[in-house]
Number of protein chains: 2
Amino acid sequence: MDTFVDQQGSELAFNVMDQFCPSRVVLQRIGDKWTPLVFQALKQGVLRFSELRSAIGGVTPKVLTQTLRSLERDGLVSRTVYAEVPPRVEYRLTELGVSLLEPLDAVRAWAETHAGSVLTSRDAFDDA
Amino acid sequence: MDTFVDQQGSELAFNVMDQFCPSRVVLQRIGDKWTPLVFQALKQGVLRFSELRSAIGGVTPKVLTQTLRSLERDGLVSRTVYAEVPPRVEYRLTELGVSLLEPLDAVRAWAETHAGSVLTSRDAFDDA
DNA sequence: CAGCATCCTAAACGATACTG
DNA sequence: CAGTATCGTTTAGGATGCTG
């Protein structure tokens, strides 16, 4: 288990409940708007930029690029450029990325399974 | 499995990769900035507003209220008001909320376990 | 105690157009 | 093909002060 030094100078184990713990930043990174969708797309293996773009409905090139750069920076996705014309760029999950696949996939599956219940609850709440 | 009607009028199973699928909204709701932290706090059982607030470092009352209202609306958290002076309000996970606890907890655990690796990768990327 | 009201900023996101 | 550049919008989130 890693540790960090908090505001009081104490050395503490990583804990998302601490306002200044780096793990909270990481948690929010992997829970952003597009990351779970990129992971879902890359579950099947290697994809090119345009393939990712069409796999993820509604994502613009700018935002997809930003998301992929962040994931690359965080060591979750690797980017391979082939010196061809036209250019070809391939994205795949790193080993670290693969380790995150199962947790993110569980959340995605929950969303798809229970979206109906949530929407029903939402309607009932709004009627009241 | 629930279904929804997409832009072409077809009836499809819930799928977060579809831009117009309601499950995507649900996914983004449960992956927002504070929801995973509220769940982590409520894992232990019932908490009052002020207890939640101090359990989640750095959250302001306004944002915590907003988050809790959304979770209540979505049927994930229940809110109980006691007619006392001073007022007492208790929050707890609903049955639906409990079903989401395990997936969210897995993501939280991943963040705490691998935050060190992510930060290391980030530093290396920024040096290059 | 548990919030609500108000104002404000930062940043994420999106639309469009263009390029090596 | 795989982006970048620029601009504009939206909205989450924060600071502060007040109330039943």
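What's counted below: heavy atoms across the whole structure, side chains too, no hydrogens, waters or symmetry copies. Order of the sequence lines fixes the chain letters, A, B, ..., with proteins taken first and strands second; residue numbering starts at 1 for each chain.
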Please collect all ring pair (Phe, Tyr, Trp, His ring centres under 6.0 Å) contacts where either partner lies in residues 84-109 of chain A, sequence neighbours excluded, each pair once. none
Side-chain donor or acceptor of A/Glu112 paired with backbone N/O of B/Ser23 under 3.5 Å: no
Contact boundaries of DNA chain D with chain B (under 4.0 Å, heavy atoms), 5' to 3'? D/dG13 to D/dG20
I need the full list of ring pair (Phe, Tyr, Trp, His ring centres under 6.0 Å) pairs touching residues 15-42 of chain A, with sequence neighbours left out, sorted by first then second residue. none
Interatomic distance where CG belongs to B/Leu68 and C1' belongs to C/dC4 [whole Å]: 14 Å
Can you measure A/Phe49 atom CZ to C/dT19 atom C1' for me and round it to whole angstrom units? 14 Å
Given the options B/Leu100, B/Leu76, B/Leu42, B/Leu93 meets side-chain contact (heavy atoms from CB on, under 4.5 Å) only with B/Leu42
Identify, with sequence neighbours excluded, every residue that meets salt bridge (Lys or Arg N to Asp or Glu O under 4.0 Å) alongside B/Glu90. B/Arg88, B/Arg92
Measure CZ/B/Arg53 against P/C/dC1 and give the value in whole Å, please. 10 Å
Salt bridge (Lys or Arg N to Asp or Glu O under 4.0 Å) involving A/Arg29 - partner list, sequence neighbours excluded: A/Asp32, A/Asp74
Residues which pass salt bridge (Lys or Arg N to Asp or Glu O under 4.0 Å) with A/Lys43, listed by chain and number, not counting sequence neighbours: A/Asp105
Strictly by ring pair (Phe, Tyr, Trp, His ring centres under 6.0 Å), give each pair with a member in residues 97-128 of chain B just once, sequence neighbours left out. B/Trp110-B/His114
Partner set under side-chain hydrogen bond (donor to acceptor under 3.5 Å, both in side chains) for B/Glu11, not counting sequence neighbours: B/Thr3
Reckon B/Ser50 has a side-chain N or O less than 4.0 Å from the OP1 or OP2 of C/dA2? yes
Take the C1' atoms of the five end pairs on each side of the helix from C/dC1-D/dG20 to C/dG20-D/dC1, derive the two axes, and give their angle rounded to 10 degrees. 60°
Taking N or O atoms only and anything under 3.5 Å, show me the protein contacts with nucleotides 12-18 of chain C, one pair per line.
{"residue": "C/dC13", "atom": "O3'", "partner": "A/Lys33", "partner atom": "NZ", "Å": "3.4"}
{"residue": "C/dC13", "atom": "N4", "partner": "A/Lys62", "partner atom": "NZ", "Å": "3.4"}
{"residue": "C/dG14", "atom": "OP1", "partner": "A/Lys33", "partner atom": "NZ", "Å": "3.3"}
{"residue": "C/dG14", "atom": "N7", "partner": "A/Lys62", "partner atom": "NZ", "Å": "3.2"}
{"residue": "C/dG14", "atom": "O6", "partner": "A/Lys62", "partner atom": "NZ", "Å": "2.3"}

Hey, which of these two, A/Thr65 or B/Pro87, hits DNA chain D nearer its 5' end, going by closest nucleotide? A/Thr65
Sequence neighbours excluded, the answer for side-chain hydrogen bond (donor to acceptor under 3.5 Å, both in side chains) partners of B/Asp126 is A/Arg73
Output all residues satisfying salt bridge (Lys or Arg N to Asp or Glu O under 4.0 Å) with B/Asp18, sequence neighbours left out; order by chain, then residue number. none
Just to be sure I understand the rule, does B/Tyr91 reach a base, reach only the sugar-phosphate, or reach nothing, if contact means heavy atoms closer than 4.0 Å? sugar-phosphate
